[in-house]
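Only heavy atoms go into these numbers, but all of them, side chains included; no hydrogens, no water, no symmetry mates. Note that the structure is a prediction, hence the values are computed from the model and not measured.
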Amino acid sequence: MSEVRPYLERFFEGELAEIGGCIRCRGARAWNGGELRMAFQPIVDVARREVFAYEALVRGPGGEPAGAVLATVTEEQLYGFDQTCRVLAIDTAQRLGMRARLSINFLPNAVYEPATCIRLTLAAAHKVGFDPQRLIFEMTEAEKIRDPQHALSIVRDYQDRGFLTAIDDFGAGYSGLNLLAEYQPQLVKLDMALVRDIDRHRARQAIVGGVLGTCAALGVQVIAEGVETRAEYDQLRAMGVALFQGYLIARPQVEALPEPDWAALG
């Protein structure tokens with residue numbers, strides 16, 4: 001299997017030195033755990049009946065899931081891995097002809113200086129002709145943030161550049177309300193644990209109702225992810241959710257842009 005750093009070198013065709021400090025930021029080492037691929041899953045706006053965005057999901061060379069891939073990444077490889085996933089997501093999305101927004105997960109603990117670490121991302125978008133204003137950056141609540149103030153500086157830098165930002169896995173464990181209060185993203189993605197069986201779970205309905213009310217007051221849009229049944233969808237739609245992601249709509253596909261199953265939504 002090819003190493004990841006040669007992929008970046010091949011992609012940029014000798015331009016890494018001109019781009020500058022990103023790949024050398026604090027001496028970070030490129031991830032060398034093997035080949036990566038990208039899968040995509042649509043996030044749909046049911047009110048507009050259109051694809052709002054596609055989320056890029058890392059996969060191994062044989063389609064191995066993100067968890068299996070991340071388990072191979074060491075602390076010292078986080079930066080190179082994070083940068084590689086961004087470039088590969090943009091490269092693959094443009095090759096597939098994506099016209100919707102592209103949502104990329106990023107690791108806040110792997111970003112050193114926002115203005116420096118974004119250079120490869122912007123250079124990749126410029127190289128392939130992908131409009132960077134269509135990028136969304138998702139920060140997962142499931143990863144404990146070591147330096148909250150540093151994470152805040154990343155989000156603010158991205159927002160100043162015109163990128164949409166999101167808190168992923170909201171409600172999964174690490175200070176979700178604090179993240180929402182401090183970071184003020186444009187999007188919040190409800191964790192699938194809150195979505196599961198919400199149609200017959202009063203406690204989850206109450207919790208999600210509270211989140212929806214808070215987000216509405218803050219001007220934050222809510223995405224329900226992990227929606228698998230029509231009953232879950234109907235309940236969340238009745239509660240006012242308009243953005244959805246999950247197997248009911250479309251499963252992720254490696255190096256493809258799956259079409260939403262609108263018929264499943266009625």
Side-chain angles (χ1 to χ4, degrees), residues 1-13 15-16 23 30-45 50-73 77-78 80-107 110 120-138 140 163-164 166 168-169 189 192 223 225-228 243-262 264:
M1 292 188 295
S2 60
E3 292 187 350
V4 172
R5 186 175 175 86
Y7 160 76
L8 291 176
E9 291 173 351
R10 291 194 307 272
F11 177 84
F12 286 107
E13 298 175 343
E15 298 170 1
L16 280 176
I23 205 63
W31 186 70
N32 58 1
E35 181 185 354
L36 297 176
R37 303 171 74 191
M38 281 292 158
F40 297 94
Q41 186 178 33
I43 301 167
V44 299
D45 184 331
E50 65 183 20
V51 175
F52 175 78
Y54 279 96
E55 182 179 2
L57 302 162
V58 68
R59 296 290 185 263
E64 295 85 353
V69 176
L70 285 166
T72 70
V73 183
Q77 295 168 337
L78 275 178
F81 176 78
D82 182 71
Q83 292 289 325
T84 297
C85 287
R86 296 177 184 219
V87 173
L88 183 60
I90 292 169
D91 183 22
T92 308
Q94 184 66 11
R95 176 164 51 82
L96 294 173
M98 185 184 295
R99 293 294 174 261
R101 297 175 182 87
L102 171 62
S103 192
I104 298 174
N105 294 280
F106 79 94
L107 304 171
L120 277 184
T121 306
L122 296 176
H126 176 75
K127 185 174 180 64
V128 301
F130 190 93
D131 182 0
Q133 295 304 304
R134 289 194 280 129
L135 292 174
I136 302 172
F137 287 98
E138 297 186 21
T140 179
F163 302 138
L164 294 182
D168 192 13
D169 303 317
K189 299 183 74 175
M192 63 179 65
I223 300 170
E225 63 178 337
V227 178
E228 294 185 354
L243 299 176
F244 288 86
Q245 180 180 4
Y247 284 1
L248 177 67
I249 299 150
R251 289 177 178 267
Q253 292 183 21
V254 176
E255 297 183 357
L257 302 177
E259 287 292 329
D261 183 3
W262 297 110

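Residues Leu120 and Arg86 are not in side-chain contact: their nearest non-hydrogen atoms beyond the backbone lie 4.5 Å or more apart. Two residues are said to be in side-chain contact when any heavy atoms from C-beta on lie closer than 4.5 Å; Gln41 and Glu225 fail this criterion. Side-chain contact between Phe106 and Cys85: absent, with no pair of heavy atoms (C-beta onward) separated by less than 4.5 Å. Looking only at side-chain heavy atoms (C-beta outward), Asn105 and Glu55 come within less than 4.5 Å of each other. Phe81 is not listed as a side-chain neighbour of Thr72, based on a closest heavy-atom distance of 4.5 Å or more. You'll find the side chain of Lys127 reaches within 4.5 Å of the side chain of Phe11, heavy atoms only. Between Val58 and Met38 there is a side-chain heavy-atom pair separated by less than 4.5 Å. Taking the side chain as every heavy atom from C-beta outward, Leu135 and Ile90 approach each other to under 4.5 Å.
The minimum heavy-atom distance between Pro258 and Arg251, with the atom names listed, is CG-O, 3.5 Å. Between Asp45 and Trp262, the closest heavy-atom pair is O-CH2, 4.2 Å. Heavy atoms only, all atoms of each residue included: Ala100 and Tyr54 are closest at CB-CD1, 4.2 Å. Looking at every heavy atom in both residues, Arg37 comes nearest to Gly60 through CD-O, 3.7 Å.
Side-chain atoms of Arg101 come within 3.5 Å of backbone N or O of Phe52 as a donor-acceptor pair.
Between the CG atom of Leu122 and the CZ atom of Phe130 there is a distance of 12.5 Å, given to the nearest 0.5 Å. Rounding to the nearest 0.5 Å places CZ of Phe244 at 11.0 Å from CD1 of Ile223. Rounding to the nearest 0.5 Å places CG of Leu96 at 5.5 Å from CZ of Phe40. The distance from atom CD of Gln94 to atom CZ of Arg99, rounded to the nearest 0.5 Å, is 5.5 Å. Here the OG1 atom belonging to Thr121 is positioned 5.5 Å from the CD atom belonging to Gln83, to the nearest 0.5 angstrom. Of the inter-residue distances, the one linking Glu138 atom CD with Leu164 atom CG reads 11.0 Å to the nearest 0.5 angstrom.
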